[in-house]
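Here the structure is laid out as structure tokens; the discussion comes afterwards.
It should be emphasised that the depicted structure is a prediction, and the values quoted were computed from it without experimental measurement. Here, residue 1 is the first one in the sequence, and each next residue gets the next number.
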Amino acid sequence: MSKMLMLFLLLFTSVQAADLQAPVAEKNPKVLKKHGDTRIDNYFWMREKSSEKVLNHLKAENAYTAEMMKDTADLQERLYQEMRSRVKEEDQTVPYKDGDYIYYSKTLKGSEYSVYYRKKDAPGALEEVIMDINELGKGLDYINVTYPSFHFNQQLFGYAVDTKGDRVHTIYFKDLATGQVLDQKIENVTGDFVWAETGRIIFYSKHDPQTLRSDKIFKYDLDTKKTTLIYHEKDEKREAYVSKTLTKKYLMIISGSSLSSEVRYIESDKPDSKFKVFAPREKEHEYHVYDGGDRFFIMTNWKARNFRLMEVGLKDTSKKNWKEVIPHRPDVLVESVLVFKDYIATSESFDGLNQLYVIKRGETKGEYIKFPDPAYWVGFEINVNYNAKNLRYDFGSMNRPYSSFSYDFEKKDSTLLKEKEFPNYNSADYESERVFARAADGARIPISIVYKKGMKKDGKAPMVVYGYASYGMSMSPYFSSSRVSLLERGFVYAIIHARGGSEMGRHWYEDGKFFKKKNTFTDFIAGTEYLIKNGYSSPKLVFANGESAGGLLMGAIMNLRPDLYKGIIAGVPFVDVVTTMLDSSLPLTTGEYEEWGNPNDKKYYDYMKSYSPYDNVTAQDYPNLLVTTGLNDTQVSYWEPAKWVAKLRELRTDKSKLMIMKTEMEVGHGGKSGRYEYLRDAALSYAFIFKLTGIK
């Protein structure tokens with residue numbers, strides 16, 4: 001081939017790539033009216049999931065994304081292999097004892113999923129395979145299996161399986177004495193269930209088939225095959241689920257929303273008895289109940305914004321009899337509690353960091369477990385023994401992989417049980433920081449940061465900033481082995497803990513919801529500006545990332561400050577807030593009224609509309625954008641990001657920016673399952689970033 005011909009072919013190929021057109025979505029105006037306000041939605045038709053036109057459009061978007069990222073194919077494969085090299089192929093969890101057996105799971109070389117094992121707690125006991133998720137998942141694009149839940153005889157167990165990612169499960173039962181899965185199964189359920197402590201009886205929750213609101217509790221007897229409706233939660237803002245206390249003495253039905261809860265209970269060896277209400281539901285009263293043997297303990301926000309711990313006798317559990325055990329503290333949020341026979345452990349949040357507090361029952365003062373690192377996360381591990389003399393917990397940080405510890409209640413010290421191993425990684429090579437930015441109203445915004453040692457704060461480092469900040473969920477500084485591929489290439493990675501989470505206490509959540517939701521967006525922007533001002537990066541090198549409600553955050557900051565970010569990665573983004581929240585037939589909508597408000601009320605409608613990303617797309621220059629979604633997503637419907645991308649492409653003023661969307665056609669909200677497959681998604685996201693920063 002002549003040099004002239006080769007040059008011509010190269011030029012022809014480059015012109016073809018430059019001229020490649022993004023899919024142009026058909027505009028079919030839909031008039032939406034509410035409260036005297038009119039909105040025109042040109043892409044409302046994308047809601048028809050079974051429509052060939054919709055599916056063809058999504059496939060066209062996938063093809064366009066593949067073509068636009070074709071030049072990164074080798075890079076994506078290299079990134080995938082690089083991230084996979086940090087995964088320990090053969091690993092085992094820390095065993096725990098329950099009854100006569102020791103339980104644990106393993107990951108085997110080349111396998112995507114865990115294999116569950118047990119053995120008798122006796123010298124020379126043989127290992128027994130309980131369940132192999134790899135076998136269950138053969139031939140499936142997606143599988144999610146709940147942890148095995150054992151009948152009290154420890155020979156029969158149940159497990160729930162979701163094979164589409166749509167949160168619809170089937171409960172199966174396996175008899176380990178025979179090794180056979182029983183013919184009986186319970187379909188179209190939530191996957192939430194508990195065993196009674198007599199007979200072969202389970203209690204499980206079931207959702208409304210359309211809205212997927214978990215609203216009914218049933219009892220099922222495997223011997224008689226009889227199903228009985230036990231409870232129906234009719235309040236559309238509430239969901240109902242079941243649990244069993246650590247003592248295994250009580251079964252509980254918890255009916256709750258984000259603002260209120262109500263607990264019913266029976267003794268677990270009396271499954272035919274009638275459930276009693278522990279404390280009647282009240283507006284904005286949240287409480288959780290724990291069995292303490294001779295009394296109940298209650299974590300409650302009654303006259304305690306950040307929650308406190310109280311106790312009450314077994315006979316009359318009404319609030320008038322509650323007595324304080326751990327008082328309310330205005331600067332400490334109690335997030336969860338474990339009650340043992342002799343001790344109580346609480347997981348708390350103070351000044352944006354997790355803490356574990358341990359107190360001996362009957363005493364008034366306890367101890368905080370001490371941790372290294374300026375930014376870290378810590379949480380309870382598997383604790384199944386009410387009579388335990390120690391507490392199991394996990395600890396990790398932005399640069400330190402998580403480790404499992406056992407805290408001795410009497411000695412007041414921790415013993416390392418297992419440090420999670422990541423090949424080709426040395427935590428000493430990386431630096432972790434915790435800083436505070438200032439919001440416009442003076443609020444201190446925590447930011448957790450990690451980077452490779454030696455990074456100069458001269459504004460030349462590329463940076464990824466991550467945010468979620470909704471539902472009061474605290475986004476603790478966590479370790480990610482895949483993130484190392486960013487750090488090794490000189491990136492700074494930061495989590496901005498904006499209002500809407502609970503990192504700074506209950507007020508941090510309340511100041512980022514309802515009519516204060518815009519604080520979430522302006523906090524994230526203020527955090528980004530702080531990092532730029534202090535030399536961590538510059539606007540031409542900053543990428544923002546968020547998923548689900550964090551995707552709402554991404555959409556909002558794109559509209560508010562598109563100049564601040566080189567690119568945005570939005571996973572399963574909740575961006576069409578008004579339309580979704582007006583449709584009570586959609587999953588989650590009615591329960592979400594206590595997070596965003598009910599737009600059937602004009603004041604909420606007007607406020608939502610003022611920030612809803614889809615409704616506020618305008619003719620301006622937007623950042624580069626990568627959007628991911630799942631066709632089977634029941635939490636954020638695929639059509640929200642699909643409509644959003646179409647509208648952005650229509651109105652943006654700079655058509656040269658990369659704007660792509662990938663739809664997984666066989667999965668839901670959580671993306672691909674499997675410990676390796678999800679790395680493909682990370683490789684795509686990183687390749688998108690590297691393509692825009694010139695990293696080859």
Requested in this report: For the pair D272 and K219, find out whether any cationic side-chain nitrogen is under 4.0 Å from an anionic carboxylate oxygen.
Outcome: yes
Requested in this report: Test the R118-Y103 pair against the cation-pi criterion, namely NZ or CZ under 6.0 angstrom from the six-membered ring centroid and within 45° of the ring axis.
Outcome: no
Requested in this report: May I ask you to check if R308 and W302 form a cation-pi contact, with NZ or CZ under 6.0 angstrom from the six-membered ring centre and within 45° of the axis?
Outcome: yes
Query raised in the report: Does a donor on one side chain sit under 3.5 Å from an acceptor on the other, for E640 and T580?
Result: yes
Requested in this report: Flag the pair R238 and E236 as a salt bridge only when some basic side-chain nitrogen lies within less than 4.0 angstrom of an acidic carboxylate oxygen.
Outcome: no
Report summary line: side-chain contact (heavy atoms from CB on, under 4.5 Å) test vs K244 passes for just one of Y250, F203, W195, namely W195
Report task. Could you go through the side-chain contact (heavy atoms from CB on, under 4.5 Å) check for V337 and F297 one step at a time? Result -> CA-CA 9 Å; V337 175; F297 289 88; 6.0 Å; no
Requested in this report: Salt-bridge test for R47 and D583: reply yes if a basic N is under 4.0 Å from a carboxylate O, no otherwise.
Outcome: yes
Query raised in the report: Which atom names give the shortest non-hydrogen contact between M608 and N598, and what distance separates them?
Result: CE-N, 4.4 Å
Query raised in the report: Side chains of T247 and T245: donor-acceptor distance under 3.5 Å anywhere?
Result: yes
Report task. Would you mind checking if K234 and D215 are paired as a salt bridge, meaning a charged N to carboxylate O distance below 4.0 Å? Result -> no
Query raised in the report: Do E381 and S404 pass the side-chain hydrogen bond (donor to acceptor under 3.5 Å, both in side chains) test, and can you show the C-alpha distance, the side-chain angles, and the key distance before you say yes or no?
Result: CA-CA 8 Å; E381 212 213 22; S404 296; 3.1 Å; yes
Query raised in the report: Is the closest side-chain heavy-atom distance between D576 and D615 below 4.5 Å?
Result: yes
Query raised in the report: Any ion pair linking D511 and K516 (charged N to carboxylate O, less than 4.0 Å)?
Result: yes
**Report entry** Short side-chain donor-acceptor distance under 3.5 Å, K49 and N632
**Finding:** yes
Query raised in the report: Does atom NZ of K270 have more than 12 heavy-atom neighbours, drawn from other residues, nucleotides or ligands, at distances under 6.0 Å?
Result: no
Requested in this report: Answer yes or no: is there a donor N or O on one side and an acceptor on the other, between the side chain of Y287 and the main chain of V263, under 3.5 Å?
Outcome: yes
Report task. Report the C-alpha separation of L58 and L631 in whole Å, then their side-chain angles, then the decisive distance to 0.1 Å, and conclude whether the side-chain contact (heavy atoms from CB on, under 4.5 Å) test is met. Result -> CA-CA 9 Å; L58 297 178; L631 187 63; 3.8 Å; yes
Requested in this report: For the residue pair F380 and S336, establish whether any side-chain heavy-atom pair is separated by less than 4.5 Å.
Outcome: yes
Query raised in the report: Is there a donor-acceptor contact under 3.5 Å linking the side chains of S318 and D316?
Result: yes
**Report entry** Side-chain H-bond candidate by donor/acceptor type, S255 with E262, under 3.5 Å
**Finding:** no
Query raised in the report: What do you reckon, is CG of D183 surrounded by more than 12 foreign heavy atoms closer than 6.0 Å?
Result: no
Requested in this report: Check the side chains of E594 and Y471 for a donor-acceptor pair under 3.5 angstrom, ignoring hydrogens and angles.
Outcome: no
Query raised in the report: If we ignore angles and hydrogens, is there a donor and acceptor under 3.5 Å between the side chains of S476 and N354?
Result: yes
Report task. Mind listing the closest non-hydrogen atom pair of Y593 and S584 along with its distance? Result -> OH-CB, 4.2 Å
Query - Short N-O contact, D606 and K34, less than 4.0 angstrom - result: no
Query raised in the report: Under a 4.0 Å N-O cut-off, is there an ion pair linking D221 with R200?
Result: no
Query raised in the report: When you measure from the side chain of N306 to the backbone N and O of R506, does any donor-acceptor pair fall under 3.5 Å?
Result: yes
Report task. Tell me, with the steps shown, if Y678 and Y676 meet ring-ring contact (aromatic ring centres under 6.0 Å, His included). Result -> CA-CA 6 Å; Y678 87 95; Y676 299 127; 8.8 Å; no
Requested in this report: Let me see the working for R167 and D162 under salt bridge (Lys or Arg N to Asp or Glu O under 4.0 Å), right down to the final yes or no.
Outcome: CA-CA 6 Å; R167 299 185 297 133; D162 168 13; over 6 Å; no
Query raised in the report: Should the pair E135-K138 be classified as a salt bridge under the 4.0 Å nitrogen-to-oxygen rule?
Result: yes
Report task. Enter the distance from S261:OG to M299:CE here, rounded to the nearest 0.5 Å. Result -> 9.0 Å
**Report entry** Aromatic ring proximity F275/Y231, centre distance under 6.0 Å
**Finding:** no
Requested in this report: Could you go through the side-chain hydrogen bond (donor to acceptor under 3.5 Å, both in side chains) check for Y96 and N383 one step at a time?
Outcome: CA-CA 8 Å; Y96 69 91; N383 290 274; over 6 Å; no
**Report entry** Pair Y607 + F515: ring centers closer than 6.0 Å
**Finding:** yes
Requested in this report: Run through V334, I298, I344 and flag the one making a side-chain contact (heavy atoms from CB on, under 4.5 Å) with L309.
Outcome: I344
Query raised in the report: Is there a donor in the side chain of K609 and an acceptor in the side chain of S612, or the other way round, less than 3.5 Å apart?
Result: no
Query raised in the report: Yes or no on side-chain contact (heavy atoms from CB on, under 4.5 Å) for L338 and L391, after CA distance, side-chain angles and deciding distance?
Result: CA-CA 9 Å; L338 279 175; L391 168 73; 3.8 Å; yes
Requested in this report: Would you sort out whether F157 and F150 count as a ring-ring contact (aromatic ring centres under 6.0 Å, His included), showing the intermediate values?
Outcome: CA-CA 4 Å; F157 72 90; F150 272 85; 5.1 Å; yes
Report summary line: The residue among K319, E286, H285, H288 that forms side chain to side chain donor-acceptor pair (under 3.5 Å) with T300 is H285
Requested in this report: Show the numbers, then the answer: is there a side-chain hydrogen bond (donor to acceptor under 3.5 Å, both in side chains) between K517 and S470?
Outcome: CA-CA 9 Å; K517 187 60 197 172; S470 286; 2.9 Å; yes
Query raised in the report: Ion pair present between D166 and K164, side-chain N to carboxylate O less than 4.0 angstrom?
Result: no
Requested in this report: Go through the steps to decide whether E284 and R305 satisfy the test salt bridge (Lys or Arg N to Asp or Glu O under 4.0 Å), and finish with yes or no.
Outcome: CA-CA 10 Å; E284 298 187 9; R305 189 182 195 185; over 6 Å; no
Query raised in the report: Between T190 and S205, is any side-chain donor less than 3.5 angstrom from a side-chain acceptor?
Result: yes
Query raised in the report: Would you say the side chains of D132 and Y113 form a donor-acceptor pair under 3.5 Å?
Result: no
Requested in this report: Go through the steps for W596 and F574 under the test ring-ring contact (aromatic ring centres under 6.0 Å, His included), then give the verdict.
Outcome: CA-CA 12 Å; W596 318 102; F574 174 42; 5.4 Å; yes
Query raised in the report: According to the interplanar angle, ranging from 0 to 90°, do the rings of F296 and Y265 count as parallel (below 30°), tilted (30 to 60°) or perpendicular (above 60°)?
Result: perpendicular
Requested in this report: Using the six-membered ring wherever Trp is involved, compare the ring planes of Y220 and F173 and label them parallel, tilted or perpendicular (cut-offs 30° and 60°).
Outcome: parallel
Report task. Check step by step if ring-ring contact (aromatic ring centres under 6.0 Å, His included) holds for F521 and Y611. Result -> CA-CA 9 Å; F521 318 138; Y611 69 75; 5.5 Å; yes
**Report entry** Residue of the set F193, Y159, Y116 for which ring-ring contact (aromatic ring centres under 6.0 Å, His included) holds with Y147
**Finding:** Y116
Query - Flag if over 12 foreign heavy atoms under 6.0 Å of CD, E48 - result: no
Query raised in the report: Do Y466 and E547 have side-chain atoms, one donor and one acceptor, less than 3.5 Å apart?
Result: yes
Query raised in the report: Do Y509 and E595 have a side chain donor and acceptor closer than 3.5 Å?
Result: yes
